[in-house]
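One structure is given here, and the rest of the page talks about it.
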Amino acid sequence: MKNRVIILGSTGSIGRAGLEVLGGLGPEARVVGLAAQSSWRVLAEQARYWRPEAVAISDAEHAGDLREALSAETSLTSGETAMVELVDSVPCDCVLAAVVGAAGLQAVLRAVELGRRVAIANKEALVMAGSVLMPLARKTGAQIIPVDSEHSGVFQAMHSGAEGEIRTVYLTASGGPFRTWNTEQMANATLEQALNHPTWDMGPKITIDSATMMNKALEIIEARWLFDLDPDRIKVLVHPESIVHALVEFADGSVVAQMGTPDMRTPIQYALTYPKRMNCCSPRLDLGKLGQLNFEPPDELRFPALRLAHQVAREGGVAGAVLNAANESAVKLFREGEIRFTEIVELTAQVLGRHETNNRPTLNDLLDVDQWARNEVTKCSTC
Ligand code: MG
């Protein structure tokens, strides 16, 4: 067990589940740092309970309130670079990167620079900067262990063979709330309908990404970087029950599947305790009671995000940053009622079609292109 843990994004859905997991692991686990973007009340409550050495809040506006709510022994950093400073100043064995979106990237990079284990739930950081993060991790020896349930599944299943023996990796997708809807129905989908996920209980951004299947698109790119796979070897399989999280097909035709109840606490714990397995607070799987599992190929006509994913995974370079930023920005517009549901992917595709390729980007190139794509979405949404 990597016992000194920092959680970035501790007040979100993965962060809270991570704290539950750490609570269940007993005295071996210590929370030494907590960071959130703006939910200072929840952060203060978590800090009073876990007594970390330091906490960080990105939104400086709440720093004063938070300072008053913290005990004197807990130090506080605030502002845009607060998470990076936390990772820098508090020695730890593992960083659980659970911030949603591009906002978590710099702190993840610093943890990798320092050679820490990064239990990575922040898929956007990998999608955006996989071409920078993965080579850096090889250099510093930082372990990047997936928390995303499908990638945790691949990570576990691929241990059944050697790297060159993998033929195809299948990431499963629940299909989201609109799995059986036609395009016209989807065009008129409301925010409330998009937020109503059938199997997973997650934060709002990822729930909307699941409804467009952009979540799976991001996961294809995430898998490409995490496992250094040819994008053509990464496929998606719709599986409404969300019990099989991933399948790995080997050269000899054997397929190894990883299963479990749809509960993020299992992959979070595995990323923290790997290579050990310990008792976990998530519910057990009872296949006899479940009776049957269903699978179907995805429909790329109704869910065009999937086509974008392979295009982006093949191009590499800055393409992932463009896709991610355009999608984040379009999801925000949908949540604000500015665009229709199907326009999220339409706008993202438009902006992706307009970017300039750059195959060897620096971090600054990625940050620039991120900003460019966000501005383009705003421009396109009104034209
Ligand atoms: Mg996932």
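Position 1 is the first residue of the sequence; numbering continues from there. The figures that follow rest on heavy atoms only: side chains count, while hydrogens, waters and symmetry mates do not. Atoms within each ligand, like the ligands themselves, are counted from 1 in listed order.
Glu315 and His355 are linked by a side-chain donor-acceptor pair at a separation below 3.5 angstrom, with hydrogens and angles left out of the test.
The hydrophobic cluster containing Leu247, built from Ile/Leu/Val/Met/Phe/Trp/Tyr side-chain heavy atoms closer than 4.5 Å, also comprises Tyr170, Leu237, Ile243, Val244, Val255, Met259, Leu285, Leu287, Leu290, Leu293, Phe295.
Residue pairs that meet the side-chain hydrogen bond (donor to acceptor under 3.5 Å, both in side chains) test with at least one member in residues 227-238, sequence neighbours left out, are Asp232-Arg314. Sorted by first then second residue, the salt bridge (charged side-chain N to carboxylate O under 4.0 Å, His left out) pairs that include residues 366-383, not counting sequence neighbours, are Glu328-Arg374, Arg354-Glu376, Asp370-Arg374, Glu376-Lys379.
Of all protein N, O or S atoms, those under 2.8 Å from the Mg ion (ligand 1) number 3.
Taking the six-membered ring wherever Trp is involved, the centroid distance between the rings of Phe341 and Phe178 falls below 6.0 Å.
A salt bridge does not link Glu150 with Lys123: none of the charged nitrogens is closer than 4.0 Å to a carboxylate oxygen.
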